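Here the structure comes first, spelled out in structure tokens, and everything after it is commentary.
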Amino acid sequence: LDSERFLMLAGSILFRNVPPAPGGAPLEVCLIFHTVRKEWLLPKGRKDRGEDLQTTAARETYEETGYPCELLPLDMTTRAPAPGLHTKDAINRVEGCLEPFTITLRNSEPNEVKITSWFASVARGERQDGTQMSTEQYTSQFFPADEALERASFLDDRTIIARAIQLVRDTYGGSLVNGSA
């Protein structure tokens, strides 16, 4: 696709209480609520010129949720080669990977597509006010992992959340029974 036909976006599944959490606190996922459309969504947004996708994901997550965050390394499979290696295209299992764990494609106009790269992130601090753009109308809330899966308004978001939860569980241990770690 030529540059005028696609838009790159990035977002993240924002976690809190990644196992092992102090006192056995349940693994939680943050959703944003669009106050006009009345929809529970995942934080994501457009990549700025010159910005890498990891930076976009963390920036958009912070702007839309208000929670300072950082990307969460995951043990996962990827087709991305190791830095500096020229290897045959292959699927490799990588520990502590910061590559997108999934992407979504959405047609926005005829012959135009939005490509969203999804990462996992973890909250680092309390919610800050005033982080949203003037056009954004969101509130944010953490839910136990299983409740976030049920509450998300769209099937695509629920699928992304489920994959992220599984990767966090596989990477950091703990069982997710009834939203607890």
Side-chain angles (χ1 to χ4, degrees), residues 1-16 28-74 76-81 89 91 94 97-123 127-143 145-168:
L1 290 174
D2 294 331
S3 59
E4 61 272 8
R5 292 184 47 211
F6 69 88
L7 182 62
M8 302 293 295
L9 298 92
S12 77
I13 294 28
L14 179 61
F15 288 97
R16 188 164 64 181
E28 295 179 324
V29 171
C30 186
L31 297 176
I32 57 175
F33 183 71
H34 194 288
T35 59
V36 174
R37 294 191 321 243
K38 307 296 186 207
E39 297 168 337
W40 287 101
L41 309 165
L42 292 171
K44 68 178 178 309
R46 295 175 292 190
K47 180 182 104 51
D48 292 343
R49 285 184 294 244
E51 185 177 51
D52 64 58
L53 290 169
Q54 290 90 345
T55 301
T56 302
R59 175 182 56 77
E60 286 289 344
T61 300
Y62 171 63
E63 286 177 4
E64 293 185 355
T65 67
Y67 285 95
C69 64
E70 62 187 43
L71 295 187
L72 185 62
L74 298 172
M76 59 183 250
T77 55
T78 182
R79 295 177 79 104
D89 184 23
I91 299 171
V94 178
C97 190
L98 288 173
E99 295 296 315
F101 67 85
T102 197
I103 64 166
T104 54
L105 304 172
R106 186 172 65 108
N107 292 328
S108 55
E109 298 289 332
N111 300 315
E112 293 181 8
V113 67
K114 290 184 176 182
I115 304 166
T116 306
S117 295
W118 292 98
F119 299 84
S121 63
V122 62
R127 190 179 172 289
Q128 309 294 311
D129 290 327
T131 60
Q132 294 179 19
M133 301 290 237
S134 61
T135 57
E136 295 175 323
Q137 300 170 333
Y138 302 117
T139 60
S140 61
Q141 186 174 341
F142 275 96
F143 296 97
D146 61 337
E147 187 177 338
L149 274 169
E150 293 173 13
R151 190 172 293 264
S153 295
F154 297 100
L155 177 60
D156 283 352
D157 286 355
R158 291 191 297 272
T159 301
I160 293 164
I161 294 166
R163 173 124 165 99
I165 290 169
Q166 186 63 53
L167 288 166
V168 167

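Keep in mind it's a predicted model, so treat the numbers as computed, not measured.
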How about [X] and [Y]: does a side-chain donor come under 3.5 Å of a side-chain acceptor?
X    : Y    : value
W118 : S12  : no
T55  : D52  : yes
T65  : S140 : no

How long is the span from the [atom1] atom in [X] to the [atom2] atom in [Y], to the nearest 0.5 Å?
X    : Y    : atom1 : atom2 : answer
T104 : K114 : OG1   : NZ    : 10.5 Å
R37  : S153 : CZ    : OG    : 9.0 Å
Q141 : F33  : CD    : CZ    : 10.0 Å
L71  : C97  : CG    : SG    : 11.0 Å
L7   : S108 : CG    : OG    : 7.0 Å
K44  : T56  : NZ    : OG1   : 13.5 Å

Would you call [X] and [Y] a side-chain contact if the rule is heavy atoms closer than 4.5 Å?
X    : Y    : answer
D89  : R79  : yes
L74  : V168 : yes
T61  : Y67  : no
T102 : I160 : yes
L1   : V113 : yes
I13  : V29  : yes
F119 : L53  : yes

So which heavy atom on [X] is nearest to which on [Y], and how close?
X    : Y    : result
D157 : L42  : OD2-N, 3.6 Å
L149 : A162 : CD2-N, 3.6 Å
F101 : L167 : CB-CD1, 3.5 Å
H34  : Y138 : CD2-CE2, 3.5 Å
C30  : P43  : O-CD, 4.4 Å
F15  : A120 : CE1-CB, 4.2 Å

Next on the checklist: So does A123 get a backbone contact from the side chain of R16, meaning a donor-acceptor N/O pair under 3.5 Å?
Outcome noted: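 No: the side chain of R16 does not pair with the backbone of A123.
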Next on the checklist: When you measure from the side chain of T35 to the backbone of Q137, do you find a donor-acceptor pair of N or O atoms at a distance under 3.5 Å?
Outcome noted: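 Looks like yes, one N/O pair under 3.5 Å.
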Checklist entry - So M76 and V94, side-chain contact (heavy atoms from CB on, under 4.5 Å) or not? Walk me through it. => result CA-CA 6 Å; M76 59 183 250; V94 178; 5.7 Å; no
Checklist entry - In terms of the angle between their ring planes, are F143 and W40 parallel, tilted or perpendicular, with boundaries placed at 30° and 60°? => result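 It falls in the perpendicular class, over 60°.
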Item to check | Pairs satisfying salt bridge (charged side-chain N to carboxylate O under 4.0 Å, His left out), at least one member in residues 54-74, at least two apart | outcome: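 Residue pairs passing salt bridge (charged side-chain N to carboxylate O under 4.0 Å, His left out), neighbours aside: D48-R59, E51-R59, R59-E63, E70-R124.
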Next on the checklist: Does this structure show an ion pair linking R158 with D156, if we count only N-O contacts that are shorter than 4.0 Å?
Outcome noted: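 Result for this pair is no, no salt bridge flagged.
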Checklist entry - Checking side-chain contact (heavy atoms from CB on, under 4.5 Å) for the pair L31/R151: CA distance, chi angles, key distance, verdict? => result CA-CA 9 Å; L31 297 176; R151 190 172 293 264; 4.1 Å; yes
Checklist entry - With a cut-off of 6.0 Å (strictly less than), are more than 12 heavy atoms of other residues, nucleotides or ligands near CZ of R46? => result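 Not buried by this count: 12 neighbours or fewer within 6.0 Å.
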Next on the checklist: Q54 vs E99, test: side-chain contact (heavy atoms from CB on, under 4.5 Å). Steps then yes/no.
Outcome noted: CA-CA 8 Å; Q54 290 90 345; E99 295 296 315; 4.3 Å; yes
Item to check | Worked verdict on I103 versus T116 for side-chain contact (heavy atoms from CB on, under 4.5 Å) | outcome: CA-CA 5 Å; I103 64 166; T116 306; over 6 Å; no
